[in-house]
Protein chains: 2
Amino acid sequence: MTRTASVASSPTVGTDVTRVAVSTVIFSLRREPGEVRPTLVLPLVKRTRDPYEGAWALPGGWLDIAENLESAASRTLAETTGLSPSYLEQLYAFGAVDRSPSRVVSIVYWALVREDISRTESFENVAWFDAASLPPLAFDHNQIVGYALWRLRNKVGYSQIAHGLLADEFTLAELREVYEAILDRRLDPANFRRQVESSDTLLPTESFRTGSHRPARLYRYNQDVELADRGPLAH
Amino acid sequence: MTRTASVASSPTVGTDVTRVAVSTVIFSLRREPGEVRPTLVLPLVKRTRDPYEGAWALPGGWLDIAENLESAASRTLAETTGLSPSYLEQLYAFGAVDRSPSRVVSIVYWALVREDISRTESFENVAWFDAASLPPLAFDHNQIVGYALWRLRNKVGYSQIAHGLLADEFTLAELREVYEAILDRRLDPANFRRQVESSDTLLPTESFRTGSHRPARLYRYNQDVELADRGPLAH
DNA sequence: GCAAAAGTGTTACCTATACACCCATGA
DNA sequence: TCATGGGTGTATAGGTAACACTTTTGC
């Protein structure tokens, strides 16, 4: 099934006011059959009108007058990808006067989507890109993605956020590969195991992933601990 | 000299659109003559109109159509306190539908001002409060200040931000007292000295602060290192 | 058996912390 | 000289990183 990604239309007010948009940098993981390590990918929308017609841009839309910021992020995320995020956090408010021909303040969120459901539907005008090698994007969106990547790499170091990219059950090697893809460096399997086991965030199951060499125990994410601190509104 | 703190008037558009405001949580330090340790203080503005008329609120104002976000924060900060900040960083964008009778998205910044210049002028309708014991504020401003305090305490742990509260030259004890006031706990003077000396952020001078017991060497902040990472726009 | 990944043990090193101790000044 | 803060030395504990080693599977 193919749907058309919704394209935001301008609000009814004129261009002499500041308009508020909400965009989201959506990260997921793709494991190519031949590839050794998974890669970080994100969905972009091809613009169908000026400015930057034809260029790729972050999914987003105008903030509705009766809509909370995070609701707008969830809504535009669902409209673009048909997915619901496992993690959603405000990134930054971009409001430079010259970032768009008309005055637009963009409240940007960033999100994680689990890999097992991240390719179930495809939408027109939407494509997934390798986060490490993006084309020139519309507006200041390259800068925004760069900052989101920086935040993700930072946060993976002191929170349990990597779980947000994995399916329900996973091996320690799979979890380590997520860290390696985000941080772009190898981690010692032995030390990684000890660190993550001592953090009380994993629940071992009695199942094993078999198929190659010695079977690896499957773990489940401990729902009792938050993935990460999501800001001032996460009480 | 006494000036009147400017009170923002509504933009010319109607109430059926989302308006963008910019507010700032401004931290400074006050050393009471009798007190042992300095306390963290912040300026608030008494509202002169509905909603929340008579209540204390964060300094701020409406975003001008041709004004960058950070410029608006600097402008309202200067209008309220007559000061320019030693540090200014975006905190968060607050946009819940019910946070104000009309729809307002507030881009909130937080700032540090040096103590030696933080009381040079006084403005009507402005008062400085102990950051640890605030009265009930207008809108969601108590929540906002709480988050700013959390961010300040966090950032003081991994950046050189405490220098932003001190004058040009200072002793290690004075710097330590800033940390103690922010973190609200005592720090070992010996270990504090070693940590800060090994971080390459201080330049020793040949001057000494005298007047009590053994004179203490004065240090200067090393301008080569940034106070802290200020976000995606600080290139 | 052999290769390779799963999983365990051991060690070196670095940093945070606690605290004993000496130094220099004002009163 | 004594009290007090400035400043140095040192021992300990906890955590990170490197890496040798054992276990268990597929082929």
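Sequence lines set the chain letters: A, B, ... in the order given, protein chains first and strands last, and positions in each chain run from 1. Only heavy atoms go into these numbers, but all of them, side chains included; no hydrogens, no water, no symmetry mates.
Of the candidates dG5(D), dT25(D), dG7(C), dT25(D) carries the atom nearest the His213(A) side chain, counting heavy atoms from C-beta on. Comparing dG7(D), dT17(C), dA18(D) by their closest approach to the side chain of Asp188(A) singles out dA18(D).
In this structure, a donor-acceptor pair under 3.5 Å is absent between the side chains of Arg151(B) and Asn154(B).
Between the C1' atom of dG7(C) and the CD atom of Glu197(A) lies a distance of 9 Å, rounded to the nearest Å. A straight line from CG of Leu187(A) to P of dA6(C) spans 14 Å, rounded to a whole angstrom. Computed from coordinates, the Arg193(A) CZ to dA18(D) P distance equals 18 Å when rounded to whole Å. Taking atom CZ of residue Arg217(A) and atom P of nucleotide dA5(C), one finds them 20 Å apart after rounding to whole Å. Arg186(B) places its CZ atom 20 Å from the P atom of dA16(C), with the value rounded to the nearest Å. If you take CZ of Phe192(B) and P of dA18(C), they are 15 Å apart, rounded to a whole angstrom. Here the C1' atom of nucleotide dT8(C) and the CD atom of Gln195(A) are 16 Å apart, to the nearest Å. For Phe208(A) and dT23(D), the CZ to P distance is 16 Å, given to the nearest whole Å.
At a threshold of 4.0 angstrom between heavy atoms, the contacts of Ala190(B) include nucleobase atoms, whether or not backbone atoms are also involved. Residue-level contact check: Arg194(A) touches the bases, meaning some heavy atom is under 4.0 Å from a base atom.
Between His163(B) and Tyr221(B), the ring-plane angle classifies as tilted under the 30° and 60° cut-offs.
To the nearest 0.5 Å, atoms CG (Leu58(B)) and CH2 (Trp110(B)) are separated by 14.5 Å.
Judged by distance alone with a 3.5 Å cut-off, no donor-acceptor contact links the side chain of Arg214(A) to the base of dA5(C). Evaluation of atom-type donor-acceptor distances gives a pair under 3.5 Å for the side chain of Asn191(A) against the base of dA18(D).
Nearer to the 5' terminus of DNA chain C, by closest-nucleotide assignment, is the contact made by Pro215(A) (compared with the other of Gly211(B) and Pro215(A)). Mapped onto DNA chain C by nearest heavy atom, Arg185(B) and Thr210(B) fall at different nucleotides, with Arg185(B) at the one closer to the 5' end.
Side-chain atoms of Leu149(A) and Leu40(A), non-hydrogen and from C-beta on, do get closer than 4.5 Å to each other.
Between the side chain of Arg37(B) and the backbone N or O of Glu180(B) there is at least one donor-acceptor pair closer than 3.5 Å.
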